[in-house]
There are 2 protein chains.
Amino acid sequence: MRDEKFCASNCSFTRAIGTVGNKWKPIILNVIGTRTIRFGQLDSIVPLISRKVLTEQLKELEEDGLLERLAYKELPPRVEYKLSEKGLAFLPILESIKEWNIKYEVAPMPGEADKKFRINYARTV
Amino acid sequence: MRDEKFCASNCSFTRAIGTVGNKWKPIILNVIGTRTIRFGQLDSIVPLISRKVLTEQLKELEEDGLLERLAYKELPPRVEYKLSEKGLAFLPILESIKEWNIKYEVAPMPGEADKKFRINYARTV
DNA sequence: ATTTGTAGTTACTCGATGGTAACCAGAATA
DNA sequence: TATTCTGGTTACCATCGAGTAACTACAAAT
């Protein structure tokens with residue numbers, strides 16, 4: 001899910017998009033936020049994600065230094081995830097995306113195409 | 001390339017990621033910036049994108065209200081794109097992603113795995 | 001002795017994604 | 001007359017992404 005061509009670009013912005021510019025990573029980072037969370041919790045909180053994809057995304061986020069993984073040598077296993085300094089520094093960006101969408105999102109009313117009748121569902125969180 | 005399930009979510013943030021959370025849209029928005037630009041220019045400036053995908057992305061950005069498309073009835077045709085108010089309001093977010101990456105990106109040196117020898121290529125733009 | 005629980009991994013499969021090349025209009029140019 | 005120019009669209013095909021189900025380890029509980 002990381003874009004290797006983008007990550008190999010000589011443009012810093014393109015590399016950034018290559019690492020976090022997919023649909024799952026912003027969602028996962030936002031769900032984790034400032035807390036420490038276990039794999040199973042993430043699996044049940046993040047909507048519609050499969051274990052396989054979640055595992056992949058978490059591994060990449062760790063490799064890219066946004067996430068810290070702490071595995072306890074217990075049985076049954078326990079693994080905790082939390083954002084690194086780099087990951088925490090990304091949270092304000094997610095916040096500004098939220099604010100941007102709340103301000104500008106316009107949803108069409110069901111069955112009504114005319115723009116005059118469009119309403120703003122932005123506050124629906 | 002838009003994620004329809006995300007766009008149908010009742011969470012504003014998830015919907016936002018559903019519309020701009022892919023690899024091409026941030027790149028395209030960043031390339032356009034504050035200027036007016038023609039299709040052919042975008043096709044040659046945006047690295048590695050195909051006409052087909054570029055067309056799709058531009059269409060979605062227009063549908064989502066980030067982009068304005070102005071087609072002149074000439075032959076050969078001329079079409080100009082520029083960001084809408086909503087699109088322009090997204091640019092500061094892209095800027096903060098750039099700054100974030102410049103501050104935190106760490107690239108491994110080729111052939112050297114030891115973290116002690118990693119250097120920061122962040123200023124390479 | 002069997003089930004439960006966690007955090008994954010693996011193999012298999014199907015649908016979506018994305019690239020390529022060909023094609024379009026119709027005026028201007030050679 | 002043939003070619004060029006622009007901004008696409010279409011069909012075709014290979015690749016990729018992602019979902020599902022089964023499987024792992026081992027301790028504790030039933």
Side-chain angles (χ1 to χ4, degrees), chain A residues 1-9 14 17-28 31-32 35-64 67-82, chain B residues 1-9 14 17-28 31-32 35-64 67-82:
Chain A
M1 282 283 317
R2 215 191 275 127
D3 186 292
E4 298 303 339
K5 284 183 185 167
F6 277 28
C7 290
S9 166
T14 301
I17 297 302
T19 62
V20 295
N22 74 40
K23 63 178 206 169
W24 285 119
K25 297 212 177 121
I27 299 285
I28 292 170
V31 163
I32 300 179
R35 63 179 150 173
T36 293
I37 194 168
R38 295 181 62 179
F39 180 83
Q41 289 180 281
L42 276 172
D43 189 35
S44 55
I45 294 174
V46 178
L48 300 173
I49 200 169
S50 70
R51 293 171 97 66
K52 179 187 157 194
V53 173
L54 179 57
T55 307
E56 288 168 3
Q57 301 297 307
L58 291 172
K59 193 176 293 176
E60 289 183 4
L61 285 170
E62 193 198 354
E63 287 170 2
D64 292 330
L67 198 57
E68 286 165 20
R69 179 179 184 276
L70 185 55
Y72 297 86
K73 284 173 290 187
E74 302 173 358
L75 271 167
R78 180 160 60 106
V79 179
E80 290 181 345
Y81 292 93
K82 68 192 190 84
Chain B
M1 284 284 317
R2 214 191 275 127
D3 187 292
E4 299 303 339
K5 284 183 185 166
F6 276 29
C7 289
S9 166
T14 301
I17 296 303
T19 62
V20 296
N22 72 42
K23 62 179 207 169
W24 285 119
K25 295 207 178 128
I27 299 286
I28 292 171
V31 163
I32 300 180
R35 64 180 149 171
T36 294
I37 195 168
R38 297 179 59 176
F39 180 83
Q41 289 180 282
L42 277 172
D43 189 35
S44 55
I45 294 174
V46 179
L48 300 174
I49 201 170
S50 70
R51 293 169 97 66
K52 181 184 158 194
V53 173
L54 179 57
T55 308
E56 289 168 3
Q57 300 297 307
L58 291 172
K59 194 176 293 176
E60 289 183 3
L61 285 170
E62 194 198 352
E63 287 169 4
D64 292 331
L67 198 56
E68 287 166 18
R69 180 180 183 274
L70 185 54
Y72 297 86
K73 284 173 289 188
E74 301 173 357
L75 272 167
R78 179 160 60 103
V79 179
E80 290 182 347
Y81 293 93
K82 68 193 190 85

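Chain naming here is simple, since letters A, B, ... match the order of the sequence lines and numbering starts at 1 in each. Note that the structure is a prediction, hence the values are computed from the model and not measured.
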For this session: Take B:Val46 and B:Trp24, measure what side-chain contact (heavy atoms from CB on, under 4.5 Å) needs, and give me the verdict at the end.
Result: CA-CA 9 Å; B:Val46 179; B:Trp24 285 119; 3.7 Å; yes
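- Residues B:Leu42 and B:Leu58 share a closest heavy-atom pair of CD1-CD2, 3.9 Å.
- At a threshold of 4.0 angstrom between heavy atoms, the contacts of B:Tyr72 with the nucleic acid are absent.
- Nucleic acid contact for A:Arg78: sugar-phosphate only, since backbone atoms but no base atoms lie under 4.0 Å from a heavy atom of the residue.
- The closest donor-acceptor contact from the side chain of B:Ser44 to the backbone of B:Gly40 lies under 3.5 Å.
- Candidate nucleotides D:dG8, C:dG8, D:dT6 were compared by shortest atom distance to the side chain of B:Tyr81, and D:dG8 ranks first.
- Looking at which nucleotide of DNA chain D each of A:Leu75 and A:Lys23 is closest to, the 5′-most match is held by A:Lys23.
- Closest approach of A:Val20 and A:Lys25 over heavy atoms only: O-CB, 4.3 Å.
- Listed by residue number, the members of residues 38-49 of chain A with any heavy atom below 4.0 angstrom from DNA chain C are A:Arg38, A:Phe39, A:Gly40.
- C:dG8 atom P lies 12 Å from atom CD of A:Glu80, rounded to whole Å.
- Ring pair B:Phe39/B:Tyr81 is tilted by interplanar angle, where 30° to 60° counts as tilted.
- B:Glu60 has its CD atom 13 Å from the C1' atom of C:dA16, to the nearest Å.
- Within 4.0 Å (heavy atoms only), A:Lys59 reaches sugar-phosphate atoms of the nucleic acid but no base atom.
- Regarding A:Leu58, its CG atom lies at a distance of 8 Å from the P atom of C:dG8, rounded to whole Å.
- The CD1 atom of B:Ile32 sits 12.0 Å away from atom CD1 of B:Ile27, with the distance rounded to the nearest 0.5 Å.
- Considering only the side chain of B:Pro76, C:dG26 comes nearest among C:dG18, C:dG26, C:dA7.
- The distance from atom CD of A:Gln57 to atom P of C:dA7 is 18 Å, rounded to the nearest whole Å.
- Regarding B:Lys52, its NZ atom lies at a distance of 14 Å from the C1' atom of C:dA22, rounded to whole Å.
- Put simply, CH2 on B:Trp24 is 9 Å from P on C:dG18, counting in whole angstrom units.
- Remark: P of C:dT20 and CG of B:Leu54 are 14 Å apart, rounded to the nearest angstrom.
- In this model, the phosphate group of D:dG8 is approached by a side-chain N or O of B:Arg69 to a distance below 4.0 Å at OP1 or OP2.
- To the nearest 0.5 Å, atoms CD (A:Glu62) and CD (A:Glu68) are separated by 9.0 Å.
- The interatomic distance linking B:Glu4 (CD) with C:dG15 (P) rounds to 18 Å, in whole Å.
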